[in-house]
Amino acid sequence: METQEKSITTRQLVLLFYIINMCAKVMTVPILLLKIGGRCAPISLLIFLIADFLMLIAYLVTVNAEPEKTFFEFLEFKFGKIVSKIILTVLLIYTLSKLWLLISFMENFLTTSLFDGTTWQILSIPLMLLLIAFGTRNLRSLGRTAEIFSWFIILAVLVLIVLINNFEIMRLFPIGGDKDASVFLPTLMMPLWFGDYLLMFLFMGKTKKTKHFNGVLIGSGVAVVILNFVVLCLIFTSYIDIVHYLDYGKKISALTQISISRLSFGRFDILLFCVALISIILNLGLYFYGGVRMGERLFGKKEPKNINSFIAGGVLYFLFLTVFSKELVSFEIFTRYLNYFSWAVHIILPLTLMTAALIKGGKRNGRTKNVQAVENTGV
């Protein structure tokens, strides 16, 4: 089993998933949710947030039922080698879908808001090198990175709330009161933007639990639901009358142009740009790390050490410069095809894992060579 020093602490786990569940969604969700859902956007948002929270509960039930097993050990013990590889393949496809979504946002954000006129082929090179670095690290490194940036990000979110100084909560009412409002459409079309707690299963058996581990995670999950709902609703109020004039990916720039127009001391939006970059990069790094570990389990580790991360980075770079390079085509696939796959993964997989954890026994009795081999994958 991986040494305890390389495990992530409960504090780091909470901060990491706070960043990707709170900050990343502030940057990627509001305008699109409003464009699709209109004044029903708050209702759709609440549905997604509750679904995410239930996914967290499924993780806690699973990890409490099998506290000593890592995720790969758990899969092979409960489902056997063949079914566990099928589950990992589904998760790997889902992880690639999330990477596609997040990198598409990064491309739009960087090329339209920060570096207008610079080609994505150039901007994507340092990003891919950074992701490769994430893929060579361990969970402890990811946790430390989250700790380093967490307070800066929390401060920036507070600044964001202050900058939205022209909000009127009544702009959201009547919720669903216009002819374009819809709860069903955004709920059906946007599951890929949520569901990040699913990746928490990779932390099974790799977290240094505190005495009140369950309470801490449930409390943080409730806090994320409340903060996400409040902050995004505040952003909704700033956009509700002009949403049709804004484009996906340009929301932060447009928001700060509106919100700080009365201020005469500095560009606070630079702080928000930095937070957007940090939170999305951490989100990307976590999914890339998980994808590399799952790929190693499915296809085996290659020599020399860490070469799998470089291979994954090269494949990803090729895909995003060729197959995944068309923004409108990508958006169409996200919202009309991958949405069904995402909802199926969000609902079926956590329920399956939780149910399997509650059922005593497994496909294999005792420790086998195949299960022991999992311990050397570095997850």
Side-chain angles (χ1 to χ4, degrees), residues 17 20-59 90-91 93-95 97-98 100-102 104-105 169 171-200 221-240 243-244 246-249 251 283 287 327-352 354:
F17 278 86
I20 68 173
N21 279 286
M22 174 67 188
C23 301
K25 286 182 176 55
V26 169
M27 306 303 167
T28 60
V29 168
I31 288 302
L32 193 56
L33 198 59
L34 272 178
K35 275 182 171 291
I36 299 175
R39 293 186 182 274
C40 285
I43 302 176
S44 298
L45 172 64
L46 192 59
I47 292 173
F48 283 123
L49 293 176
I50 292 174
D52 275 3
F53 182 74
L54 293 177
M55 194 179 295
L56 173 62
I57 297 299
Y59 162 77
V90 172
L91 267 178
I93 295 172
Y94 178 78
T95 298
S97 302
K98 293 288 285 193
W100 183 5
L101 171 69
L102 291 167
S104 296
F105 171 81
I169 197 65
R171 288 182 182 179
L172 291 177
F173 294 94
I175 293 178
D178 63 75
K179 60 183 178 62
D180 296 322
S182 172
V183 174
F184 175 76
L185 277 181
T187 305
L188 177 66
M189 295 172 67
M190 291 187 61
L192 193 59
W193 277 256
F194 296 84
D196 293 308
Y197 281 124
L198 190 63
L199 210 59
M200 192 175 275
V222 171
V224 165
V225 170
I226 295 173
L227 286 173
N228 255 332
F229 188 74
V230 170
V231 172
L232 266 65
C233 280
L234 291 180
I235 296 176
F236 289 161
T237 64
S238 294
Y239 286 145
I240 194 69
V243 64
H244 299 294
L246 299 178
D247 293 325
Y248 177 63
K251 62 189 75 55
N283 206 342
Y287 276 101
E327 179 185 350
L328 293 179
V329 174
S330 298
F331 179 76
E332 190 80 5
I333 294 174
F334 294 153
T335 56
R336 297 189 184 278
Y337 301 99
L338 285 177
N339 55 325
Y340 299 107
F341 171 71
S342 299
W343 266 126
V345 172
H346 291 179
I347 295 171
I348 297 174
L349 193 57
L351 286 176
T352 301
M354 181 177 65

With the side chain counted from C-beta on, respond yes when [X] and [Y] share a heavy-atom pair under 4.5 Å apart, and no when they do not.
X: Ile57; Y: Met354; result: no
X: Leu199; Y: Leu91; result: no
X: Phe53; Y: Val224; result: no
X: Leu198; Y: Tyr59; result: no
X: Asn339; Y: Met190; result: no
X: Tyr94; Y: Leu349; result: no

Minimum heavy-atom distance [X]-[Y], with the two atoms named:
X: Phe334; Y: Ser97; result: CE2-O, 4.4 Å
X: Cys233; Y: Pro42; result: SG-CB, 4.0 Å
X: Phe341; Y: Val90; result: CZ-O, 3.7 Å
X: Tyr337; Y: Glu332; result: CD1-O, 3.9 Å
X: Leu102; Y: Tyr287; result: CD1-CD1, 4.1 Å
X: Asp196; Y: Lys98; result: OD1-NZ, 3.2 Å

Aromatic ring pairing Tyr197/Phe17, orientation class (parallel under 30°, perpendicular over 60°, tilted between) | parallel
Using 30° and 60° as the class limits, which term best fits the ring planes of Phe194 and Phe48: parallel, tilted or perpendicular?
-> parallel
Spacing of [X] atom [atom1] and [Y] atom [atom2] [to the nearest 0.5 Å]:
X: Leu338; Y: Ile333; atom1: CG; atom2: CD1; result: 7.0 Å
X: Leu45; Y: Phe229; atom1: CG; atom2: CZ; result: 6.0 Å
X: Leu232; Y: Leu46; atom1: CG; atom2: CG; result: 11.5 Å

Run the numbers on Asp52 and Leu56 for side-chain contact (heavy atoms from CB on, under 4.5 Å), then give the verdict.
-> CA-CA 6 Å; Asp52 275 3; Leu56 173 62; over 6 Å; no
Residues at least two apart in sequence or cross-chain that pass side-chain contact (heavy atoms from CB on, under 4.5 Å) with Met189, listed by chain then number, are Ile36, Leu185, Thr335
Show the numbers, then the answer: is there a side-chain contact (heavy atoms from CB on, under 4.5 Å) between Ile47 and Val183?
-> CA-CA 9 Å; Ile47 292 173; Val183 174; 3.9 Å; yes
Ignoring hydrogens and geometry, is there a side-chain-to-backbone donor-acceptor pair from Trp343 to Thr187 under 3.5 Å?
-> yes
